[in-house]
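Working notes, beginning with the structure itself.
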2 protein chains.
Amino acid sequence: MFAALADGSRRSMVDRLSRGPATVKQLAEPLVMSLPAVLQHLRVLEESGLVRSAKSGRVRTCHLEPAALNAAEQWIADRRAEWLSRLDRLGDYLETPELDSEGDQS
Amino acid sequence: MFAALADGSRRSMVDRLSRGPATVKQLAEPLVMSLPAVLQHLRVLEESGLVRSAKSGRVRTCHLEPAALNAAEQWIADRRAEWLSRLDRLGDYLETPELDSEGDQS
DNA sequence: CCAATACTTAAGCAGGTGCTTAACCATTCG
DNA sequence: CGAATGGTTAAGCACCTGCTTAAGTATTGG
């Protein structure tokens, strides 16, 4: 999941797809690589759940799966929240006794 | 940055650090690998900006850098927001004429 | 029907990643 | 001092990744 987003080309593809669905050809256009390479990236994105695609006729159309993006975002948000709440508790602890500190928020 | 989070061992380390600072030894404890391996992971995390560490005496203490986590979270949030706003606009467009659809939000 | 289009598969290869062991340095502690 | 502790460096190796080219397979459009 994070591994899927670890590659710059794949992030470009996700960025493109965030602006609307696209075919494999359209996805490949801004990238400087062969079509098979794009297919491989697409496969990784699909296996991670970030992207879905369906074939209609001879064109495959891809789109983002926002729920999957949500999962990654949540993981980060949780760790950051845990860290920040711990910082808050530490702040509270430091506020209670007067040692020699006075600056409370700066 | 996403590459740093792509590895499970490194995510474990970030998870551990979200619960408070830790030494290299403490970071290595729950992992089933040698200390040098942990050092290499730590290096990746530091280069990505996610973690900082300082050495005091013979122990190195590591802590999370929430601002860096924020950057990753933001990237995802932006793409998801773009995609969802596009979905909304599509919803508005589909609402105008009556084709044969009735469920608007399900 | 024939050729162009759009994708797909397979094989192969250069370079990167994640680990290991072995050896080493620096700081406590007895 | 000298051993234990905590970390660091270097080398090497198995495996994975991201590409490539070459050769398909379907689906249109003329």
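Letters go in sequence order (proteins before strands), and every chain restarts at 1.
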Open item on the list: Quick check on the hydrophobic clustering: are A:Val59 and A:Val38 connected, directly or via other members, by side-chain heavy-atom contacts under 4.5 Å?
Closed with: no
Task: B:Leu27-B:Leu35 co-clustered via ILVMFWY side chain contacts under 4.5 Å - done: yes
Open item on the list: Between B:Asp15 and B:Arg19, does any NZ, NE, NH1 or NH2 come within less than 4.0 Å of an OD or OE carboxylate oxygen?
Closed with: yes
TODO: Report which part of the nucleic acid A:Arg43 touches: base, sugar-phosphate, or nothing (heavy-atom distance under 4.0 Å, all strands).
DONE: nothing
Open item on the list: Output the rounded distance in Å from CG (B:Leu31) to C1' (C:dG18).
Closed with: 12 Å
Open item on the list: Rounded to whole Å, how long is the line connecting atom CG of A:Leu39 with atom C1' of D:dT21?
Closed with: 15 Å
Task: First encountered from the 5' end of DNA chain C, between B:Val44 and A:Thr61 - done: A:Thr61
Open item on the list: Keeping B:Arg10 on the side-chain end and B:Ala3 on the backbone end, is there a donor-acceptor pair under 3.5 Å?
Closed with: yes
Task: Interatomic distance where CD belongs to B:Glu46 and P belongs to D:dT8 [whole Å] - done: 9 Å
- [ ] Just grab all the side chain to side chain donor-acceptor pair (under 3.5 Å) pairs involving residues 27-40 of chain B, residues at least two apart or on different chains.
- [x] none
Open item on the list: Side chain of A:Asp7, heavy atoms from C-beta onward: which of C:dT20, D:dT20, D:dG18 has the nearest atom to it?
Closed with: D:dG18
Task: Between D:dT17 (C1') and A:Glu47 (CD): distance, integer Å - done: 13 Å
Task: Heavy-atom neighbours of B:Arg52 CZ exceed 12 at 6.0 Å - done: no
Open item on the list: Is A:His41 close enough to D:dT17 that one of its side-chain N or O atoms is under 4.0 Å from OP1 or OP2 there?
Closed with: no
All N/O pairs under 3.5 Å across the protein-nucleotides 12-14 of chain C interface:
none

Open item on the list: Can you classify the ring geometry of B:Phe2 versus B:Trp75 as parallel (below 30°), tilted (30 to 60°) or perpendicular (above 60°)?
Closed with: perpendicular
What does the list of N/O pairs under 3.5 Å between the protein and nucleotides 2-6 of chain D look like, with a distance for each?
from  : atom 1 : to      : atom 2 : distance (Å)
D:dT5 : O2     : B:Arg58 : NH1    : 2.5
D:dG6 : OP2    : B:Lys25 : NZ     : 2.9

- [ ] Give a yes/no answer on whether the side chain of B:Ser34 brings an N or O atom under 4.0 Å of OP1 or OP2 in C:dT20.
- [x] yes
Task: Spacing between B:Met13 atom CE and C:dC19 atom P, to the nearest angstrom - done: 10 Å
